[in-house]
Chemist: 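Attaching a single structure in C-alpha coordinates format; questions to follow.
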Amino acid sequence: ANTTAGQLRSPICCILGHVDTGKTKLLDKIRHTDVQGGEAGGITQQIGATFFPIASIQEQTRKLRRAEEKVKYEIPGLLIIDTPGHESFTNLRSRGSSLCNMAILVVDLMHGIEAQTEESMRLLAMRHTPFVIALNKIDRIYGWKPSPWAPFSETYAKQTDEVKTLFRAKYQEVVTSFAEKGYNVCIHTENKDTNTFISMVPTSAITGEGIPDLLMYLIAMTQRTLRDDISLINELTATVLEVKVIQGLGTTVDVVLSNGILREGDTIVVCGLNGPITTQIRALLTPQPCRELRVKSQYTQHREILAAMGVKISAQGLENAVAGSPLHVAYEPEEVEFLQELVSQDLESAMSNFERAEAGVCVQSSTIGSLEALLAYLKSAKVPVSGVSIGPIYKKDVVRASVMLERQQEYATILGFDVQVDPEAQRLADEMGVRIFTAAIIYHLTDMFSKYINDVRE
Ligand code: GDP
Ligand code: MG
(Lines give C-alpha, C1' and ligand atoms only; values in the text may rest on other atoms or scores of the structure.)
(Ligands and ions follow the chains in the order given, each with its own letter.)
Protein backbone atom coordinates (compact mmCIF):
# COMPACT_ATOMS: atom_id res chain seq x y z
CA ALA A 1 0.00 0.00 0.00
CA ASN A 2 1.31 3.47 -0.67
CA THR A 3 1.81 5.74 2.27
CA THR A 4 1.10 9.43 2.22
CA ALA A 5 4.58 10.62 3.13
CA GLY A 6 5.05 11.54 6.74
CA GLN A 7 1.38 11.90 7.47
CA LEU A 8 0.05 10.19 10.56
CA ARG A 9 -3.51 9.16 11.19
CA SER A 10 -5.20 9.21 14.57
CA PRO A 11 -4.19 6.20 16.63
CA ILE A 12 -6.86 3.95 18.10
CA CYS A 13 -6.62 3.32 21.78
CA CYS A 14 -8.63 0.82 23.75
CA ILE A 15 -9.41 1.37 27.40
CA LEU A 16 -9.76 -1.82 29.36
CA GLY A 17 -9.49 -3.35 32.80
CA HIS A 18 -11.56 -4.85 35.56
CA VAL A 19 -15.12 -3.70 36.07
CA ASP A 20 -15.51 -0.57 38.24
CA THR A 21 -11.90 0.51 37.98
CA GLY A 22 -13.12 3.74 36.36
CA LYS A 23 -12.74 3.20 32.61
CA THR A 24 -15.91 5.02 31.64
CA LYS A 25 -15.41 7.68 34.28
CA LEU A 26 -11.92 8.44 33.00
CA LEU A 27 -13.27 8.94 29.49
CA ASP A 28 -16.10 11.04 30.87
CA LYS A 29 -13.64 13.21 32.65
CA ILE A 30 -11.55 13.71 29.56
CA ARG A 31 -14.72 14.43 27.65
CA HIS A 32 -16.20 16.62 30.39
CA THR A 33 -19.50 14.76 30.02
CA ASP A 34 -21.40 12.19 31.99
CA VAL A 35 -22.02 8.91 30.20
CA GLN A 36 -21.26 6.79 33.25
CA GLY A 37 -24.03 8.40 35.31
CA GLY A 38 -26.61 7.60 32.62
CA GLU A 39 -25.72 3.92 32.37
CA ALA A 40 -27.75 1.20 34.04
CA GLY A 41 -25.69 0.14 37.05
CA GLY A 42 -22.70 2.00 35.71
CA ILE A 43 -21.54 -1.07 33.78
CA THR A 44 -20.83 -0.43 30.13
CA GLN A 45 -22.70 -2.92 28.02
CA GLN A 46 -22.20 -1.20 24.72
CA ILE A 47 -19.12 -0.25 22.87
CA GLY A 48 -18.41 3.41 22.63
CA ALA A 49 -15.87 5.20 20.52
CA THR A 50 -14.83 8.76 21.19
CA PHE A 51 -12.72 10.86 18.94
CA PHE A 52 -10.59 13.47 20.72
CA PRO A 53 -9.36 16.12 18.31
CA ILE A 54 -5.76 17.11 18.95
CA ALA A 55 -6.82 20.61 20.01
CA SER A 56 -8.71 19.24 22.99
CA ILE A 57 -5.73 17.13 23.97
CA GLN A 58 -3.39 20.09 23.62
CA GLU A 59 -5.65 22.03 25.91
CA GLN A 60 -5.51 19.33 28.56
CA THR A 61 -1.77 18.77 28.42
CA ARG A 62 -0.79 22.42 28.39
CA LYS A 63 0.14 22.48 32.07
CA LEU A 64 2.52 19.62 31.54
CA ARG A 65 4.25 21.15 28.57
CA ARG A 66 5.61 23.95 30.66
CA ALA A 67 7.40 21.57 32.95
CA GLU A 68 8.53 18.80 30.65
CA GLU A 69 10.08 18.35 27.25
CA LYS A 70 8.17 19.90 24.36
CA VAL A 71 6.42 17.23 22.36
CA LYS A 72 5.34 18.16 18.87
CA TYR A 73 1.76 17.10 18.20
CA GLU A 74 1.70 15.35 14.84
CA ILE A 75 -1.36 13.16 15.07
CA PRO A 76 -4.74 14.69 14.20
CA GLY A 77 -6.36 13.26 17.30
CA LEU A 78 -7.00 10.14 19.31
CA LEU A 79 -9.80 7.64 18.92
CA ILE A 80 -10.51 5.99 22.24
CA ILE A 81 -12.69 2.92 22.49
CA ASP A 82 -14.33 2.06 25.79
CA THR A 83 -14.92 -1.61 26.43
CA PRO A 84 -17.35 -3.40 28.70
CA GLY A 85 -14.86 -5.69 30.40
CA HIS A 86 -12.76 -7.76 28.11
CA GLU A 87 -15.41 -9.38 25.95
CA SER A 88 -15.61 -6.53 23.55
CA PHE A 89 -11.92 -6.16 23.40
CA THR A 90 -11.83 -9.65 22.00
CA ASN A 91 -14.62 -8.56 19.73
CA LEU A 92 -12.48 -5.62 18.72
CA ARG A 93 -9.58 -7.83 17.83
CA SER A 94 -10.99 -7.19 14.43
CA ARG A 95 -9.97 -10.57 13.26
CA GLY A 96 -6.47 -10.07 12.01
CA SER A 97 -6.37 -6.39 11.31
CA SER A 98 -4.94 -4.33 14.10
CA LEU A 99 -7.85 -2.27 15.28
CA CYS A 100 -6.26 -1.01 18.46
CA ASN A 101 -2.79 0.46 18.24
CA MET A 102 -2.41 0.66 21.98
CA ALA A 103 -4.33 0.39 25.18
CA ILE A 104 -4.87 1.96 28.56
CA LEU A 105 -5.15 -0.69 31.25
CA VAL A 106 -7.01 0.78 34.19
CA VAL A 107 -6.17 -0.54 37.65
CA ASP A 108 -7.84 0.56 40.86
CA LEU A 109 -5.08 1.71 43.22
CA MET A 110 -7.04 0.30 46.17
CA HIS A 111 -7.64 -3.13 44.61
CA GLY A 112 -4.56 -3.80 42.52
CA ILE A 113 -4.72 -6.67 40.02
CA GLU A 114 -8.20 -8.20 39.65
CA ALA A 115 -9.61 -11.05 37.53
CA GLN A 116 -10.28 -9.01 34.41
CA THR A 117 -7.01 -7.12 34.80
CA GLU A 118 -5.23 -10.42 34.27
CA GLU A 119 -7.53 -11.40 31.45
CA SER A 120 -6.87 -8.06 29.76
CA MET A 121 -3.12 -8.46 30.15
CA ARG A 122 -3.31 -11.87 28.54
CA LEU A 123 -5.18 -10.44 25.56
CA LEU A 124 -2.73 -7.56 25.25
CA ALA A 125 0.23 -9.90 25.37
CA MET A 126 -1.34 -12.18 22.79
CA ARG A 127 -1.61 -9.33 20.33
CA HIS A 128 1.60 -7.55 21.38
CA THR A 129 -0.40 -4.40 22.00
CA PRO A 130 1.63 -1.77 23.85
CA PHE A 131 -0.13 -0.33 26.86
CA VAL A 132 0.13 2.11 29.70
CA ILE A 133 -1.40 1.50 33.12
CA ALA A 134 -3.68 4.13 34.61
CA LEU A 135 -3.41 3.64 38.36
CA ASN A 136 -6.77 5.17 39.08
CA LYS A 137 -8.60 6.52 42.14
CA ILE A 138 -5.59 8.16 43.79
CA ASP A 139 -8.04 10.62 45.37
CA ARG A 140 -9.19 7.77 47.60
CA ILE A 141 -5.94 7.82 49.55
CA TYR A 142 -6.87 8.96 53.05
CA GLY A 143 -6.21 12.67 53.42
CA TRP A 144 -5.48 13.26 49.73
CA LYS A 145 -5.68 16.95 48.85
CA PRO A 146 -6.86 17.26 45.27
CA SER A 147 -5.53 19.79 42.79
CA PRO A 148 -8.01 19.44 39.93
CA TRP A 149 -6.45 18.55 36.57
CA ALA A 150 -2.92 18.86 37.94
CA PRO A 151 -0.07 16.80 36.52
CA PHE A 152 0.76 14.00 38.93
CA SER A 153 4.13 15.25 40.17
CA GLU A 154 2.63 18.64 40.91
CA THR A 155 -0.23 17.31 43.04
CA TYR A 156 1.99 14.70 44.69
CA ALA A 157 4.47 17.38 45.79
CA LYS A 158 1.65 19.17 47.60
CA GLN A 159 0.58 16.17 49.70
CA THR A 160 1.57 15.79 53.35
CA ASP A 161 4.22 13.24 54.35
CA GLU A 162 1.54 10.93 55.76
CA VAL A 163 -0.38 10.96 52.48
CA LYS A 164 2.81 10.38 50.51
CA THR A 165 3.63 7.39 52.70
CA LEU A 166 0.14 5.96 52.24
CA PHE A 167 0.36 6.42 48.49
CA ARG A 168 3.81 4.85 48.30
CA ALA A 169 2.62 1.83 50.28
CA LYS A 170 -0.36 1.24 47.97
CA TYR A 171 1.77 1.87 44.94
CA GLN A 172 4.38 -0.62 46.15
CA GLU A 173 1.70 -3.28 46.67
CA VAL A 174 0.62 -2.88 43.06
CA VAL A 175 4.21 -3.02 41.79
CA THR A 176 4.78 -6.21 43.76
CA SER A 177 1.62 -7.89 42.52
CA PHE A 178 2.54 -7.08 38.92
CA ALA A 179 6.01 -8.47 39.54
CA GLU A 180 4.43 -11.70 40.78
CA LYS A 181 2.70 -11.98 37.39
CA GLY A 182 5.97 -11.39 35.60
CA TYR A 183 5.46 -7.73 34.70
CA ASN A 184 7.88 -4.93 35.54
CA VAL A 185 5.95 -1.77 36.15
CA CYS A 186 6.97 1.59 37.54
CA ILE A 187 5.64 5.08 37.89
CA HIS A 188 5.86 6.93 34.57
CA THR A 189 7.96 9.79 35.90
CA GLU A 190 10.65 7.32 36.96
CA ASN A 191 10.59 5.07 33.91
CA LYS A 192 14.02 5.29 32.34
CA ASP A 193 13.67 2.12 30.28
CA THR A 194 10.33 1.70 28.49
CA ASN A 195 11.49 -1.57 26.94
CA THR A 196 11.73 -3.20 30.35
CA PHE A 197 9.19 -1.33 32.41
CA ILE A 198 5.55 -0.65 31.70
CA SER A 199 4.67 2.86 32.78
CA MET A 200 2.02 3.43 35.37
CA VAL A 201 0.35 6.83 35.49
CA PRO A 202 -1.46 7.62 38.73
CA THR A 203 -4.83 9.24 37.94
CA SER A 204 -8.13 10.28 39.38
CA ALA A 205 -11.18 10.24 37.16
CA ILE A 206 -12.96 12.37 39.73
CA THR A 207 -10.47 15.22 40.11
CA GLY A 208 -8.70 14.92 36.74
CA GLU A 209 -5.31 14.63 38.42
CA GLY A 210 -2.79 12.75 36.32
CA ILE A 211 -4.96 12.93 33.20
CA PRO A 212 -2.58 15.42 31.53
CA ASP A 213 0.22 12.88 32.11
CA LEU A 214 -1.87 10.05 30.69
CA LEU A 215 -2.76 11.95 27.51
CA MET A 216 0.79 13.18 27.08
CA TYR A 217 2.07 9.64 27.48
CA LEU A 218 -0.30 8.33 24.81
CA ILE A 219 0.70 11.02 22.35
CA ALA A 220 4.42 10.53 22.96
CA MET A 221 4.16 6.73 22.84
CA THR A 222 2.32 6.65 19.53
CA GLN A 223 4.45 9.25 17.85
CA ARG A 224 7.66 7.65 19.07
CA THR A 225 7.08 3.93 18.79
CA LEU A 226 4.02 3.38 16.62
CA ARG A 227 4.79 5.56 13.60
CA ASP A 228 4.60 2.67 11.15
CA ASP A 229 1.28 1.51 12.53
CA ILE A 230 -0.32 4.90 12.16
CA SER A 231 1.14 6.07 8.89
CA LEU A 232 -1.76 7.02 6.72
CA ILE A 233 -2.35 4.20 4.28
CA ASN A 234 -4.82 4.41 1.44
CA GLU A 235 -6.00 0.88 1.93
CA LEU A 236 -9.29 0.63 3.76
CA THR A 237 -9.63 -1.12 7.12
CA ALA A 238 -12.98 -0.85 8.82
CA THR A 239 -14.79 -2.98 11.36
CA VAL A 240 -18.47 -3.17 12.22
CA LEU A 241 -18.89 -2.63 15.95
CA GLU A 242 -22.63 -2.56 16.28
CA VAL A 243 -25.80 -2.85 14.27
CA LYS A 244 -28.50 -0.48 15.46
CA VAL A 245 -31.94 0.70 14.48
CA ILE A 246 -32.12 4.49 14.70
CA GLN A 247 -35.37 6.35 14.36
CA GLY A 248 -35.47 8.17 11.06
CA LEU A 249 -32.45 6.30 9.70
CA GLY A 250 -33.52 2.67 9.84
CA THR A 251 -30.85 0.05 10.48
CA THR A 252 -27.39 1.55 10.73
CA VAL A 253 -23.97 0.12 11.46
CA ASP A 254 -21.45 1.71 13.79
CA VAL A 255 -18.04 1.23 12.29
CA VAL A 256 -14.51 1.90 13.38
CA LEU A 257 -12.58 3.17 10.40
CA SER A 258 -8.96 2.31 11.19
CA ASN A 259 -7.42 3.15 7.85
CA GLY A 260 -8.32 4.75 4.56
CA ILE A 261 -11.28 6.83 3.47
CA LEU A 262 -15.02 6.16 3.31
CA ARG A 263 -17.22 8.17 0.96
CA GLU A 264 -20.91 8.72 0.59
CA GLY A 265 -22.21 6.48 -2.20
CA ASP A 266 -19.43 3.88 -1.78
CA THR A 267 -20.49 0.31 -2.47
CA ILE A 268 -19.83 -1.64 0.71
CA VAL A 269 -19.74 -5.36 1.33
CA VAL A 270 -20.26 -6.67 4.85
CA CYS A 271 -20.88 -10.01 6.41
CA GLY A 272 -24.56 -10.83 6.96
CA LEU A 273 -26.25 -13.57 8.95
CA ASN A 274 -27.76 -14.95 5.75
CA GLY A 275 -24.89 -14.25 3.43
CA PRO A 276 -22.93 -11.21 2.31
CA ILE A 277 -24.65 -7.83 2.18
CA THR A 278 -23.85 -5.45 -0.67
CA THR A 279 -25.21 -1.94 -0.44
CA GLN A 280 -24.45 1.74 -1.01
CA ILE A 281 -23.58 4.19 1.75
CA ARG A 282 -26.56 6.53 2.00
CA ALA A 283 -25.16 8.68 4.79
CA LEU A 284 -21.88 8.87 6.68
CA LEU A 285 -22.50 10.22 10.14
CA THR A 286 -20.42 11.13 13.14
CA PRO A 287 -21.37 12.51 16.49
CA GLN A 288 -20.06 15.93 17.42
CA PRO A 289 -16.36 15.87 18.41
CA CYS A 290 -15.89 14.89 22.05
CA ARG A 291 -19.22 13.15 22.14
CA GLU A 292 -19.69 9.45 22.19
CA LEU A 293 -21.18 7.42 19.37
CA ARG A 294 -23.67 5.59 21.55
CA VAL A 295 -25.14 8.67 23.16
CA LYS A 296 -27.97 10.25 21.21
CA SER A 297 -26.84 13.57 19.89
CA GLN A 298 -26.92 15.58 16.73
CA TYR A 299 -25.09 13.72 13.99
CA THR A 300 -22.93 15.49 11.49
CA GLN A 301 -23.19 14.26 7.90
CA HIS A 302 -20.04 13.89 5.79
CA ARG A 303 -19.23 13.46 2.12
CA GLU A 304 -16.11 11.53 3.10
CA ILE A 305 -14.35 10.46 6.26
CA LEU A 306 -10.67 9.90 6.92
CA ALA A 307 -9.29 7.35 9.40
CA ALA A 308 -9.31 6.92 12.28
CA MET A 309 -12.88 7.58 13.24
CA GLY A 310 -15.97 5.99 14.70
CA VAL A 311 -18.60 6.33 11.97
CA LYS A 312 -22.26 5.53 11.71
CA ILE A 313 -23.29 4.31 8.27
CA SER A 314 -26.83 4.44 7.08
CA ALA A 315 -27.66 2.20 4.12
CA GLN A 316 -30.33 -0.15 2.91
CA GLY A 317 -30.32 -3.84 3.77
CA LEU A 318 -28.11 -3.74 6.87
CA GLU A 319 -30.63 -5.55 9.11
CA ASN A 320 -28.64 -8.78 9.28
CA ALA A 321 -25.15 -7.32 9.34
CA VAL A 322 -22.83 -9.17 11.71
CA ALA A 323 -21.11 -7.04 14.31
CA GLY A 324 -17.40 -7.69 14.70
CA SER A 325 -16.87 -8.34 11.01
CA PRO A 326 -14.82 -6.29 8.57
CA LEU A 327 -16.37 -3.84 6.15
CA HIS A 328 -15.04 -3.64 2.60
CA VAL A 329 -15.52 -1.16 -0.21
CA ALA A 330 -15.87 -2.28 -3.82
CA TYR A 331 -14.33 0.50 -5.89
CA GLU A 332 -15.07 -1.31 -9.16
CA PRO A 333 -18.17 -3.44 -9.92
CA GLU A 334 -15.86 -6.39 -10.67
CA GLU A 335 -14.63 -6.41 -7.08
CA VAL A 336 -18.04 -7.12 -5.58
CA GLU A 337 -18.04 -10.84 -6.15
CA PHE A 338 -14.55 -11.30 -4.74
CA LEU A 339 -15.42 -9.31 -1.62
CA GLN A 340 -18.63 -11.28 -1.12
CA GLU A 341 -16.59 -14.45 -1.24
CA LEU A 342 -14.13 -12.95 1.25
CA VAL A 343 -16.74 -12.05 3.87
CA SER A 344 -18.45 -15.42 3.54
CA GLN A 345 -15.21 -17.22 4.20
CA ASP A 346 -14.63 -14.99 7.15
CA LEU A 347 -17.88 -15.94 8.83
CA GLU A 348 -17.45 -19.60 7.99
CA SER A 349 -13.98 -19.77 9.44
CA ALA A 350 -15.13 -18.07 12.65
CA MET A 351 -18.00 -20.53 12.96
CA SER A 352 -15.95 -23.61 12.23
CA ASN A 353 -12.90 -22.63 14.21
CA PHE A 354 -13.66 -24.68 17.33
CA GLU A 355 -13.49 -28.28 18.41
CA ARG A 356 -16.91 -29.71 17.71
CA ALA A 357 -17.83 -32.23 20.41
CA GLU A 358 -20.14 -35.21 19.81
CA ALA A 359 -21.90 -34.31 23.02
CA GLY A 360 -21.90 -30.68 24.02
CA VAL A 361 -23.89 -27.49 24.42
CA CYS A 362 -24.95 -25.13 21.65
CA VAL A 363 -23.68 -21.58 21.86
CA GLN A 364 -25.01 -18.48 20.28
CA SER A 365 -23.67 -14.97 20.30
CA SER A 366 -24.33 -11.49 18.97
CA THR A 367 -21.07 -10.95 17.12
CA ILE A 368 -18.22 -12.91 15.59
CA GLY A 369 -15.80 -11.56 18.17
CA SER A 370 -18.00 -12.31 21.14
CA LEU A 371 -18.61 -15.81 19.77
CA GLU A 372 -14.87 -16.33 19.64
CA ALA A 373 -14.48 -15.00 23.16
CA LEU A 374 -17.27 -17.23 24.43
CA LEU A 375 -15.79 -20.29 22.75
CA ALA A 376 -12.38 -19.52 24.25
CA TYR A 377 -13.97 -19.24 27.67
CA LEU A 378 -15.89 -22.47 27.36
CA LYS A 379 -12.75 -24.21 26.20
CA SER A 380 -10.83 -23.07 29.27
CA ALA A 381 -13.80 -24.08 31.44
CA LYS A 382 -13.79 -27.50 29.67
CA VAL A 383 -17.39 -27.15 28.49
CA PRO A 384 -17.83 -29.16 25.28
CA VAL A 385 -19.58 -27.42 22.38
CA SER A 386 -21.52 -29.20 19.64
CA GLY A 387 -22.88 -26.26 17.65
CA VAL A 388 -22.54 -22.51 17.23
CA SER A 389 -24.44 -19.70 15.62
CA ILE A 390 -24.74 -15.93 15.54
CA GLY A 391 -27.87 -13.87 16.13
CA PRO A 392 -31.18 -14.36 18.00
CA ILE A 393 -32.26 -17.78 19.23
CA TYR A 394 -35.03 -19.25 17.03
CA LYS A 395 -36.96 -22.52 16.98
CA LYS A 396 -34.46 -24.15 14.63
CA ASP A 397 -31.72 -23.56 17.22
CA VAL A 398 -33.84 -25.26 19.88
CA VAL A 399 -34.43 -28.20 17.60
CA ARG A 400 -30.70 -28.53 17.01
CA ALA A 401 -29.95 -28.43 20.74
CA SER A 402 -32.69 -31.00 21.44
CA VAL A 403 -30.62 -33.68 19.70
CA MET A 404 -28.61 -33.88 22.93
CA LEU A 405 -31.68 -34.94 24.94
CA GLU A 406 -31.03 -38.47 23.72
CA ARG A 407 -27.26 -38.40 24.16
CA GLN A 408 -26.49 -36.43 27.27
CA GLN A 409 -29.42 -34.53 28.64
CA GLU A 410 -27.54 -31.73 30.40
CA TYR A 411 -26.02 -30.69 27.09
CA ALA A 412 -29.45 -30.03 25.59
CA THR A 413 -28.66 -26.45 26.47
CA ILE A 414 -28.21 -23.21 24.57
CA LEU A 415 -25.82 -20.65 25.99
CA GLY A 416 -26.72 -17.29 24.51
CA PHE A 417 -24.39 -14.34 24.93
CA ASP A 418 -25.94 -10.95 24.32
CA VAL A 419 -28.74 -12.39 22.14
CA GLN A 420 -32.54 -12.22 22.13
CA VAL A 421 -34.68 -15.32 22.53
CA ASP A 422 -37.67 -15.56 20.19
CA PRO A 423 -40.79 -16.25 22.35
CA GLU A 424 -41.76 -19.17 20.10
CA ALA A 425 -38.33 -20.65 20.60
CA GLN A 426 -38.62 -20.30 24.37
CA ARG A 427 -42.02 -22.04 24.32
CA LEU A 428 -40.67 -24.90 22.26
CA ALA A 429 -37.63 -25.21 24.52
CA ASP A 430 -39.84 -25.44 27.61
CA GLU A 431 -41.95 -28.11 25.91
CA MET A 432 -39.00 -30.19 24.83
CA GLY A 433 -36.87 -29.75 27.92
CA VAL A 434 -34.10 -27.73 26.30
CA ARG A 435 -32.49 -25.20 28.65
CA ILE A 436 -31.71 -21.70 27.43
CA PHE A 437 -29.33 -19.52 29.42
CA THR A 438 -28.66 -15.97 28.32
CA ALA A 439 -26.43 -13.29 29.80
CA ALA A 440 -24.78 -10.06 28.81
CA ILE A 441 -21.47 -10.92 30.45
CA ILE A 442 -19.57 -14.03 29.42
CA TYR A 443 -18.48 -15.19 32.82
CA HIS A 444 -22.05 -14.91 34.13
CA LEU A 445 -23.03 -17.39 31.45
CA THR A 446 -20.32 -19.87 32.32
CA ASP A 447 -21.19 -19.43 36.03
CA MET A 448 -24.86 -20.16 35.34
CA PHE A 449 -24.01 -23.22 33.31
CA SER A 450 -21.54 -24.73 35.77
CA LYS A 451 -24.08 -24.26 38.56
CA TYR A 452 -26.70 -26.00 36.43
CA ILE A 453 -24.36 -28.87 35.58
CA ASN A 454 -23.49 -29.34 39.24
CA ASP A 455 -27.17 -29.41 40.18
CA VAL A 456 -27.96 -31.94 37.47
CA ARG A 457 -25.06 -34.18 38.36
CA GLU A 458 -25.75 -34.23 42.07
P1 GDP B 1 -15.81 0.95 34.69
O2 GDP B 1 -16.66 -0.23 35.02
O3 GDP B 1 -14.37 0.60 34.70
O4 GDP B 1 -16.23 1.67 33.45
O5 GDP B 1 -15.96 1.96 35.94
P6 GDP B 1 -16.82 3.28 36.05
O7 GDP B 1 -16.24 4.37 35.25
O8 GDP B 1 -18.24 2.93 35.79
O9 GDP B 1 -16.58 3.65 37.59
C10 GDP B 1 -16.97 2.79 38.63
C11 GDP B 1 -17.19 3.57 39.90
O12 GDP B 1 -15.96 4.08 40.42
C13 GDP B 1 -18.10 4.79 39.74
O14 GDP B 1 -18.91 4.88 40.89
C15 GDP B 1 -17.14 5.94 39.65
O16 GDP B 1 -17.72 7.15 40.09
C17 GDP B 1 -16.02 5.49 40.58
N18 GDP B 1 -14.73 6.06 40.17
C19 GDP B 1 -14.16 5.96 38.96
N20 GDP B 1 -12.97 6.58 38.94
C21 GDP B 1 -12.77 7.09 40.18
C22 GDP B 1 -11.70 7.83 40.79
O23 GDP B 1 -10.68 8.18 40.18
N24 GDP B 1 -11.86 8.16 42.10
C25 GDP B 1 -12.97 7.81 42.82
N26 GDP B 1 -13.02 8.17 44.09
N27 GDP B 1 -13.97 7.10 42.28
C28 GDP B 1 -13.88 6.75 40.97
MG1 MG C 1 -17.58 1.24 31.97
Side-chain angles (χ1 to χ4, degrees), residues 13-50 52 60 80-92 100 103-121 123-124 131-152 154-156 159 163 166-167 170-171 174 187-188 200-215 217 241 290-295 418 439-444:
C13 177
C14 226
I15 185 158
L16 65 161
H18 196 80
V19 106
D20 277 352
T21 49
K23 300 180 291 295
T24 305
K25 196 79 192 169
L26 266 173
L27 287 183
D28 280 351
K29 191 67 185 176
I30 305 175
R31 233 180 352 238
H32 303 283
T33 60
D34 192 14
V35 178
Q36 197 270 337
E39 267 175 25
I43 295 176
T44 317
Q45 294 292 2
Q46 297 288 303
I47 299 155
T50 312
F52 296 96
Q60 294 191 39
I80 303 191
I81 293 174
D82 187 10
T83 66
H86 55 87
E87 284 88 11
S88 292
F89 183 64
T90 316
N91 181 11
L92 294 176
C100 287
I104 304 170
L105 177 63
V106 186
V107 172
D108 185 331
L109 172 62
M110 297 303 177
H111 296 166
I113 297 180
E114 298 174 85
Q116 285 174 61
T117 317
E118 279 194 66
E119 196 56 50
S120 305
M121 288 195 293
L123 287 167
L124 291 168
F131 64 98
V132 57
I133 297 166
L135 192 57
N136 195 36
K137 307 201 184 180
I138 54 170
D139 62 292
R140 297 212 23 217
I141 294 282
Y142 186 76
W144 185 269
K145 252 204 263 27
S147 311
W149 293 103
F152 176 73
E154 198 179 300
T155 182
Y156 183 73
Q159 306 300 324
V163 170
L166 283 174
F167 173 82
K170 278 289 166 200
Y171 163 80
V174 175
I187 205 158
H188 68 294
M200 206 153 58
V201 181
T203 57
S204 165
I206 301 289
T207 68
E209 289 162 292
I211 286 181
D213 309 58
L214 186 65
L215 291 173
Y217 192 89
L241 286 188
C290 281
R291 289 286 173 275
E292 201 171 348
L293 209 52
R294 76 184 126 120
V295 175
D418 192 25
I441 293 178
I442 286 185
Y443 60 84
H444 288 177

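Both ligands and their constituent atoms are indexed starting at 1 by order of listing.
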Chemist: Side chain or backbone of Lys137 under 4.0 Å from ligand 1, or both, or neither, by non-hydrogen atoms?
Modeler: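 Both backbone and side chain of Lys137 come within 4.0 Å of ligand 1.
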Chemist: Could you check Leu135, Leu26, Ile138 and say which one makes a side-chain contact (heavy atoms from CB on, under 4.5 Å) with Thr203?
Modeler: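 Going through Leu135, Leu26, Ile138 one by one, the side-chain contact (heavy atoms from CB on, under 4.5 Å) with Thr203 is satisfied by Leu26 alone.
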Chemist: Taking all atoms of both residues into account, what is the closest heavy-atom pair of Leu109 and Val174, and its distance?
Modeler: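 So the two residues come closest at O-CG2, 4.1 Å.
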Chemist: Checking Glu209 against Ser204 for the side chain to side chain donor-acceptor pair (under 3.5 Å) test, could you report, in this order, the C-alpha distance in whole Å, the side-chain angles of both residues, the deciding distance, and whether it holds?
Modeler: CA-CA 5 Å; Glu209 289 162 292; Ser204 165; 4.7 Å; no
Chemist: Please determine if Arg140 has a nitrogen or oxygen closer than 3.5 Å to a nitrogen or oxygen of ligand 1.
Modeler: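 No, Arg140 has no N/O under 3.5 Å of an N/O on ligand 1.
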Chemist: Polar contacts were defined as any N/O atom of the residue lying under 3.5 Å from an N/O atom of the ligand; does this apply to Ile138 and ligand 1?
Modeler: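 No, since none of the N or O atoms of Ile138 sits under 3.5 Å from an N or O of ligand 1.
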Chemist: Find all atoms of ligand 1 within a distance of less than 4.0 Å from any non-hydrogen atom belonging to Ala205, and give their numbers and elements.
Modeler: 20 (N), 22 (C), 23 (O)
Chemist: Between Thr207 and Asp139, do the side chains contain a donor N or O and an acceptor N or O under 3.5 Å apart?
Modeler: no
Chemist: My understanding is that only one of Lys170, Lys23, Lys137, Lys25 makes a salt bridge (Lys or Arg N to Asp or Glu O under 4.0 Å) with Asp108; could you say which?
Modeler: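 Running salt bridge (Lys or Arg N to Asp or Glu O under 4.0 Å) over Lys170, Lys23, Lys137, Lys25 with Asp108 returns exactly one hit, Lys137.
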Chemist: So which atom in Ile141 and which in Phe167 form the shortest heavy-atom distance, rounded to 0.1 Å?
Modeler: CD1-CA, 3.8 Å
Chemist: For atom 20 (N) of ligand 1, which of Ile141, Thr24, Asn136, Asp20 has the closest heavy atom?
Modeler: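 Among Ile141, Thr24, Asn136, Asp20, the closest heavy atom to atom 20 (N) of ligand 1 comes from Asn136.
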Chemist: Which is closest to atom 19 (C) of ligand 1 in terms of heavy atoms, Gly22, Ser204, Gly210?
Modeler: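 Result: the heavy atom closest to atom 19 (C) of ligand 1 is in Gly22.
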Chemist: Show which atoms of ligand 1 fall inside a sub-4.0 Å distance from at least one heavy-atom site of Val19.
Modeler: 2 (O)
